[in-house]
Amino acid sequence: MPRFITELKRTHSCGELTRTDVGNEVVLFGWVNNRRDHGGAVFIDLRDRAGVTQVVFEHGVRPDVHDLAGQLRLEYCVGIRGKVVSRGENANPRLATGEIEVHATDLEIFNRCEPTPFLVEDKIDTSEEKRLQYRYLDLRRAPLQKTLMTRAKVNHLTRNYFTDSNFLELETPFMGKYTPGGARNFLVPSRLNAGKFYALAESPQLYKQLYMVAGFDRYFQIVRCFRDEDLRLDRQPEFTQIDVEMSFVEQNDVFEVIEGLIVKLWKEVLGVEIPRPFLRMPFDESMAKYGNDKPDLRFDLPHVVLTDVVAQHGGGGVPLLKQAIEAKGIVKGLRVPASASFSRTEIDKLEEFVKGMGAKGLARAKVAEGGEWTQSPFAKTITAELRQAINQAMGAKPGDLLLFQFGKEAVVHTVMANLRVHLAKRMGLIPEYGSGGQWRFLWVVDPPLFEYDEESKTWAAAHHAFTRPRDQDLQYLETDPGRVYCWRYDLVLNGFEIGGGSIRLHDPVVQARVFKAMGISDEEARSKFGFLLDALKMGAPPHGGIALGMDRLVMLLTGAESLRDVVAWPKTQKGTDLMTGAPGDVDAKQLRDLHVKSTVEPGK
RNA sequence: GGGGUGUUAGUUAAGCUGGUUAUAACGCCGGCCUGUCACGCCGGAGGACAGGGGUUCGAGUCCCCUACACCCCGCCA
């Protein structure tokens, strides 16, 4: 028998043989996806990343090969040689290669396989814990193989798109200087510099701006970023950004380039035409109507801000509302149409849901024929005037359910934003996972430059300190910082933030005023960002850019339920790698070399 | 730091108001079978019920704590 690999080279993948190959001799390599042993004939579904082909071993053809085939088990890695034969009447329409099969004349078992911890099949039937522990087996499954192939395609298309548009792919350091603010950094102790630490880059932000100063006026990079923050369904501690920066541009120029990329990706990957230009919405409108800056626009269910209405009526006889107004809180309502018909029990469940997010409760009212409220804690005390005003503001109709939140602005927004999405899923307006075939792209634009930090009683940069304020707002920089809006933008798709960026502040004079408004002294600014401030004084061009969350893009493109399904080797919610056991212990000598001493007691 | 869901053969699940030997399917092992494709048939092995503590005559089942996984709040400029 000739040797596989050295003498018998692979001629085809397991996904490409068709009728036209009938009669040809082929060599296939792959894994045993399934076996059906009939004694005199053994059927094997042979799988590689391209697909599955049925291979038949018949006793009458080659008794020795047939005997060996009898040893085959799931996930054995094998090579076969044989002849392509039409299956005629026995064709399997569920298989892409179902019209043919290969009658094997040679077989080599490259490697046997112990019983796997779970069956390698398309529709997985095991815990995510097991999948992550044996990730290389999980990755053998066709859905994940397709996802990673899509990911590779997105990489490829992105590189071509930017390269064709005269962008340069330039790299930036992962190990840099720790800069305060923003995401928590992973730290790397320096062996050569006792007591000093590198920080892993949370993004290439500063370096890409310095590329602009250096004159590389169109930059992009598909780059890994590191953030030591708690994980979520759409957040991993290391993730990939499509990072872009351009000189001599305004916001519209950035949108133009990015929309072009998105349209291309959706067309090439999904065959879907995305209309341009994308919708735009001011940040304040998004907060008011949806409670966050990443609204899912596949459904309506808007919030109604009732703060002013309630204030005008002095709380309308409801003590809780009065207190909320007096404490400078806000009041929001959400109208659930009568058609949704939530039962009392279901509404109580909604209340549990919102309490888990910091809500004190879930005030509700069912609207009766005459506009009266029933099943409501407010029904008895609220004045008819306020009730009517709220009904009118919310467009309430008989049978509708009105839900309310009031109190601290941030909590009300968060609770109502999550409630809105939760309701939409319960009402079947959007699926639990996936796009449902709807792609609602949105630019959220024009946010405030600062947000007030209750703890430190200071104005902090809502994003980063190098975002360009709107020219017409510069007059308020010293007197009323909350009125200063800026050239910042987020790209949102179906409730996910898939990108964000800004036009940068390249004017050193304005930069100094921004730092001052933030209560940052010149010395402090110098010590933290001196290199960038110097650079801005040396002919820095006007510039701006954006970073797209590459993993999230792929997650949405593939309909994956979580970022973990589009990252080949992801971490668990506690940031561990269940396959390798990282993070792990290191020995005392390593720590000594790094001038590091752990504060954790041994055994803890 | 907080709220929620879960953890029973290799895997997925069943196991009721606590009761004697903890079931099933797939996988695995042995045997039979030449047209299966969720192949079929016969036989077999395989379990510290996540860990610890408690209640009880008796705990997979009830209570408490811990660990791990997942979802969310905080956090993520």
Side-chain angles (χ1 to χ4, degrees), chain A residues 33-45 52-61 66 70 73-75 85 87-95 97-98 101 103 113-134 137 179-185 202-203 205-206 225-237 239 349 352-359 410-411 414-415 417-419 421-422 432-433 447 449-451 453 460-467 486 488 497 500-502 518 549 561-562 564 571-574 576 578:
Chain A
N33 200 49
N34 195 12
R35 72 181 174 106
R36 295 173 293 282
D37 187 344
H38 284 242
V42 175
F43 297 86
I44 294 295
D45 294 335
V52 169
T53 298
Q54 174 164 284
V55 181
V56 190
F57 302 87
E58 290 184 306
H59 188 75
V61 177
H66 171 261
R73 294 294 181 272
L74 295 178
E75 298 307 317
V85 175
R87 290 179 62 173
E89 293 294 302
N90 287 322
N92 183 350
R94 285 198 301 276
L95 221 55
T97 59
E101 63 191 10
H103 286 210
C113 180
E114 292 183 2
T116 51
F118 51 84
L119 298 183
V120 177
E121 52 195 0
D122 289 5
K123 221 175 142 334
I124 193 70
D125 198 21
T126 193
S127 66
E128 187 157 9
E129 212 170 337
K130 283 281 183 303
R131 292 175 51 199
L132 292 175
Q133 192 180 347
Y134 301 95
L137 292 179
T179 50
R184 195 177 289 119
N185 292 102
E202 63 189 64
S203 79
Q205 184 62 40
L206 299 176
C225 302
F226 307 88
R227 295 182 187 174
D228 188 6
E229 297 291 349
D230 284 7
L231 284 74
R232 286 284 189 283
L233 177 142
D234 61 348
R235 284 174 12 199
Q236 281 277 308
F239 61 100
K349 272 189 187 164
E352 291 307 310
F353 173 76
V354 298
K355 276 182 174 172
M357 267 168 308
V411 177
T414 297
V415 168
N418 284 295
L419 181 61
V421 174
H422 186 72
E432 190 68 30
Y433 296 103
L449 180 62
F450 300 110
E451 58 191 24
D453 183 30
H463 294 284
H464 68 86
F466 300 94
T467 300
C486 64
R488 156 91 203 175
E497 181 196 321
S502 64
M518 292 168 63
E561 293 182 7
S562 131
R564 291 184 300 279
K571 306 280 192 287
T572 69
Q573 194 162 55
K574 280 193 75 185
T576 63
L578 292 179

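Labels below follow one simple rule: chain letters A, B, ... track the order of the sequence lines, proteins then strands, and each chain is numbered from 1. The analysis underlying the following values was restricted to heavy atoms, covering all of them including side chains, and did not include hydrogens, waters or symmetry mates. Note that the coordinates shown come from a computational prediction; the quantities given were computed from them, not determined experimentally.
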Open item on the list: Donor-acceptor pair, distance only, cut-off 3.5 Å: does the side chain of His66(A) make one with the backbone of Gly39(A)?
Closed with: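 Yes, because the side chain of His66(A) sits within donor-acceptor range (under 3.5 Å) of the backbone of Gly39(A).
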Do the side chain of [X] and the base of [N] come within less than 3.5 angstrom through a donor-acceptor pair of N or O atoms?
X	N	result
Asn92(A)	C37(B)	yes
Arg235(A)	C75(B)	yes
Glu229(A)	G74(B)	no

Task: Per Pro115(A) side chain, nearest of listed nucleotides C28(B), U36(B), A69(B) - done: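 From the listed options, C28(B) comes nearest.
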Task: Selected nucleotide, minimal atom distance to His38(A) side chain, candidates U12(B), C72(B), C39(B) - done: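 The nucleotide sitting nearest to the side chain is C39(B).
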Have a look at [X] and say if it touches a base, only the backbone sugar-phosphate, or nothing, with a 4.0 Å heavy-atom cut-off.
X	answer
Asn418(A)	sugar-phosphate
Gly98(A)	nothing
Leu74(A)	sugar-phosphate
Arg73(A)	sugar-phosphate
Glu497(A)	nothing
His103(A)	base
Lys130(A)	sugar-phosphate

Taking [atom1] from [X] and [atom2] from [N], how many angstroms apart are they, rounded to a whole number?
X	N	atom1	atom2	result
Lys574(A)	A67(B)	NZ	P	7 Å
Glu352(A)	G3(B)	CD	P	13 Å
Gln573(A)	G2(B)	CD	P	15 Å

TODO: Establish, with yes or no, whether the OP1 or OP2 oxygen of C39(B) is under 4.0 angstrom from a side-chain nitrogen or oxygen of Arg36(A).
DONE: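 Yes.
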TODO: Give a yes/no answer on whether the side chain of Arg232(A) brings an N or O atom under 4.0 Å of OP1 or OP2 in C73(B).
DONE: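 Looking at the OP1 and OP2 atoms of C73(B), one of them is under 4.0 Å from a side-chain N or O of Arg232(A).
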Task: Sidechain N-carboxylate O distance under 4.0 Å for Glu229(A), Arg235(A) - done: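 Judged by the 4.0 Å cut-off on N to carboxylate O distance, Glu229(A) and Arg235(A) do not form a salt bridge.
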Task: Distance-minimising heavy-atom pair for Pro117(A) and Leu137(A) - done: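 For Pro117(A) and Leu137(A), the tightest heavy-atom pair comes out as CD-CD1, 3.5 Å.
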Task: Flag for Arg36(A)-Gln54(A): side-chain donor and acceptor within less than 3.5 Å - done: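 Note: Gln54(A) and Arg36(A) side chains meet the donor-acceptor criterion.
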